[in-house]
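Below you'll find the structure, written out as structure tokens, and then a few comments.
Values reported hereafter were calculated over all heavy atoms of this structure, with side chains retained and with hydrogens, waters and symmetry mates removed.
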Amino acid sequence: MAKVTIQSIAKDLGLSRNTVSMALKGNDLVAQRTREMVLRYAQQRGYVASSGEEGERQPPEREEAGDHRIMILRKPDVAVYWDKVINGISEEASRNHCQTQVAVVTQEDEDVLRLPPGLEDGIEAVFCVKMMNIDYISVIERRGIQIFLLDTYKDVDGEMPGDVVKIDSFRPVVKLVRHLIDQGMGRIGFLNESSSIYETMHDRFDGYLYAMRQAGIEPVPELVMPDAELVSSEFYNVQTFKQIVKGYQEQGLPEAVVCGNDEIAKFLTQTLRGRGIRVPEDVAVTGFDNDEEGMLDPFFTTVNVDAKWLGKRMVQCFLWRLGHPEAPFEKIDVSGRIIIRKSSVKRVLD
């Protein structure tokens with residue numbers, strides 16, 4: 001009969017090794033119900049603590065809830081935004097005696113459900129800084145590893161797979177649209193890569209619709225493109241935006257376009273100007289993220305997202321979850337700050 005260890009108990013109960021270890025010690029950081037469940041199961045299985053077993057060491061009091069291992073999953077794309085999130089995770093993890101390692105997940109990895117090397121080596125939590133497909137997340141979840149996400153799918157059956165820390169997207173977009181309306185604009189479009197899949201992007205679309213209708217303005221259908229990726233197999237390229245702007249010209253230019261992020265705002269502005277359409281004089285443009293790295297003159301009205309803080313907040317959620325493993329999953333909205341710049345100002349506001 002296989003020896004009963006902390007690791008085997010954790011696997012059987014779907015808990016982390018450190019949560020089981022703390023429960024066996026009677027640590028109050030672990031919920032009472034969880035402590036009782038672990039102790040009862042250990043007794044039933046005939047668990048006997050071993051002096052050499054990992055997890056039964058008596059660490060210094062400061063590290064009793066620390067020394068945890070986190071794996072950060074990211075996609076192969078290179079973007080400063082995701083680097084900021086990862087830096088925030090790393091800093092907060094180090095400050096709280098947690099180890100982190102980064103693994104890159106390719107599209108092929110997702111398609112064949114190939115997990116990163118080292119995931120079974122004492123990893124207690126996985127932080128997804130970009131969304132993986134549902135099946136891939138489910139494979140990780142079934143291994144009893146805690147999952148923390150920066151977003152969630154808008155319409156998916158079943159419960160959330162883990163805690164979510166995301167930027168509040170609804171309220172900032174409401175403010176952006178009202179900023180445009182206050183200047184007398186009513187023919188306002190919306191342009192986003194995909195609003196139907198991810199909750200954060202859907203919230204931006206909802207914010208646009210809410211602000212327009214609250215002002216008594218019915219959006220012009222031809223100017224509303226919440227899922228513009230459907231016009232091209234590869235959204236972020238010159239040809240896609242030429243097609244979008246051509247459609248604008250055929251239907252009548254919008255007075256303004258609210259974009260789902262700064263990258264979309266940049267592509268749109270470059271394409272408009274390439275056709276002799278001025279921004280903001282002819283068409284005002286807004287973005288989201290404040291992700292204008294490398295630009296000498298920040299131009300876009302946008303929403304500042306503290307990406308580094310998002311990463312830190314994920315670590316804080318993980319540390320809280322260690323002591324409350326059976327609490328319902330939470331969704332935390334982090335506020336963003338509106339920044340008004342030249343791209344959206346057609347006239348001086350009163």
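Between Glu92 and Gln316, some side-chain heavy-atom pair lies under the 4.5 Å cut-off. When side chains are defined from C-beta on, Ile6 counts as touching Leu24, because their heavy atoms get closer than 4.5 Å. Side chains of Tyr136 and Leu115 form a contact here, defined as non-hydrogen atoms less than 4.5 Å apart. Looking only at side-chain heavy atoms (C-beta outward), Val334 and Trp309 come within less than 4.5 Å of each other. A heavy-atom distance below 4.5 Å is found between the side chains of Val129 and Ile86. Residues Leu149 and Ile137 form a side-chain contact, since some pair of their non-hydrogen atoms from C-beta on lies under 4.5 Å apart. Between Thr152 and Tyr198 there is no side-chain heavy-atom pair separated by less than 4.5 Å. In this structure, the side chains of Ile188 and Pro219 stay at 4.5 Å or more apart for every pair of heavy atoms.
With hydrophobic clusters built from ILVMFWY side chains whose heavy atoms lie under 4.5 angstrom apart, Tyr236 shares a cluster with Ile244. Put simply, Leu191 and Leu272 are part of the same group of oily side chains (I, L, V, M, F, W, Y) that touch within less than 4.5 Å, one to the next. Placement of Phe235 and Met201 in two distinct hydrophobic clusters is found when ILVMFWY residues are connected by side-chain heavy-atom separations under 4.5 Å, directly or transitively.
Judged purely by atom type and a 3.5 angstrom limit, Arg213 has no side-chain atom pairing as donor or acceptor with the backbone of Gly216. In terms of modelled atom types and a separation under 3.5 Å, the side chain of Ser8 and the main chain of Thr5 share a donor-acceptor contact. Proximity of a side-chain donor or acceptor of Ser195 to a complementary backbone N or O of Pro226 within less than 3.5 Å is detected. At distances below 3.5 Å, at least one donor-acceptor pair connects side-chain atoms of Arg143 with backbone N or O atoms of Val139.
Donor-acceptor pairing under 3.5 Å is recorded for the side chains of Ser196 and Asp227. Using a 3.5 Å distance cut-off with no hydrogens or angles, the side chains of Asp203 and Thr200 do not pair a donor with an acceptor. Under 3.5 Å, the side chains of Asp109 and Thr106 contain a donor-acceptor pair of N or O atoms. A side-chain N or O of Gln101 and one of Arg69 form a donor-acceptor pair less than 3.5 Å apart. No hydrogens or angles considered: a donor-acceptor pair under 3.5 Å links the side chains of Asn237 and Thr240. Judged by distance alone, the side chains of His179 and Ser344 do bring a donor and an acceptor atom under 3.5 Å apart.
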Give the table of side-chain donor-acceptor pairs shorter than 3.5 Å for residues 246-259, with sequence neighbours excluded, one pair per line with atom names and distance.
{"unit_1": "Gln249", "atom_1": "OE1", "unit_2": "Arg275", "atom_2": "NH1", "d": "3.1"}
{"unit_1": "Glu255", "atom_1": "OE1", "unit_2": "Gly186", "atom_2": "N", "d": "3.0"}
{"unit_1": "Glu255", "atom_1": "OE1", "unit_2": "Arg187", "atom_2": "N", "d": "2.8"}

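Taking CG from Asn290 and OG1 from Thr302, the interatomic distance works out to 5.5 Å, rounded to the nearest 0.5 Å. Here the CD1 atom belonging to Ile264 is positioned 4.5 Å from the CG atom belonging to Asn192, to the nearest 0.5 angstrom. Put simply, OG on Ser169 and CG on Asp151 are 7.5 Å apart, with the number rounded to the nearest 0.5 Å. A distance of 9.0 Å separates CZ in Arg95 from CG in Leu319, rounded to the nearest 0.5 Å. Remark: Leu39 CG to Ile9 CD1 distance equals 9.0 Å, nearest 0.5 Å. Taken from CG in Asn133 to CG in Leu113, the straight-line distance is 6.5 Å, to the nearest 0.5 Å.
Of the residues listed (Ile339, Val285, Val279), the one engaging Phe300 in a side-chain contact (heavy atoms from CB on, under 4.5 Å) is Val285, and it is the only one.
Considering all non-hydrogen atoms of both residues, Pro280 and Lys342 come closest at CG-O, 3.1 Å. Of all the heavy atoms in Ile145 and Ile123, the pair that sits closest is CG1-O, 3.9 Å. Nearest heavy atoms, Ala265 versus Gly287: CB-CA, 4.1 Å.
Taking the charged nitrogens against the carboxylate oxygens, Glu91 and Lys308 do have a contact shorter than 4.0 Å, which makes a salt bridge. Between Lys130 and Asp77 there is a salt bridge, since at least one side-chain N of the basic residue sits less than 4.0 Å from a carboxylate O of the acidic one.
Legend: residues meeting ring pair (Phe, Tyr, Trp, His ring centres under 6.0 Å) with Phe205, ordered by chain and number and at least two apart, are Phe190. Not counting sequence neighbours, the partners of Asp282 by the side chain to side chain contact (heavy atoms under 4.5 Å, CB included) test are Ile277, Arg278. Listed by chain and residue number, Tyr81, Arg204, Asn261, Asp262, Asp291, Val305 satisfy the side chain to side chain contact (heavy atoms under 4.5 Å, CB included) test with Asp289 (two or more places apart in sequence, or in another chain).
Annotation for Lys75: atom NZ counts as buried by contact number, over 12 foreign heavy atoms lying within 6.0 Å. Around atom CZ of Arg74, more than 12 heavy atoms belonging to other residues, nucleotides or ligands sit under 6.0 Å away. Few gaps surround CD on Glu281; more than 12 heavy atoms of other groups in view lie less than 6.0 Å from it.
In the hydrophobic clustering (ILVMFWY side chains linked at under 4.5 Å, chained through shared members), Val104 stands by itself. Residue Phe170 belongs to a hydrophobic cluster whose other members are Val174, Tyr210, with links defined by side-chain heavy atoms closer than 4.5 Å.
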Do Asn87 and Ser90 pass the side-chain hydrogen bond (donor to acceptor under 3.5 Å, both in side chains) test, and can you show the C-alpha distance, the side-chain angles, and the key distance before you say yes or no? CA-CA 5 Å; Asn87 286 342; Ser90 300; 5.4 Å; no
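Note that Arg273 lies in the cation-pi zone of Phe299, set by a 6.0 Å cut-off to the ring centre and a 45° limit from the axis.
Ring pair Phe148/Phe318 is perpendicular by interplanar angle, where above 60° counts as perpendicular and below 30° as parallel.
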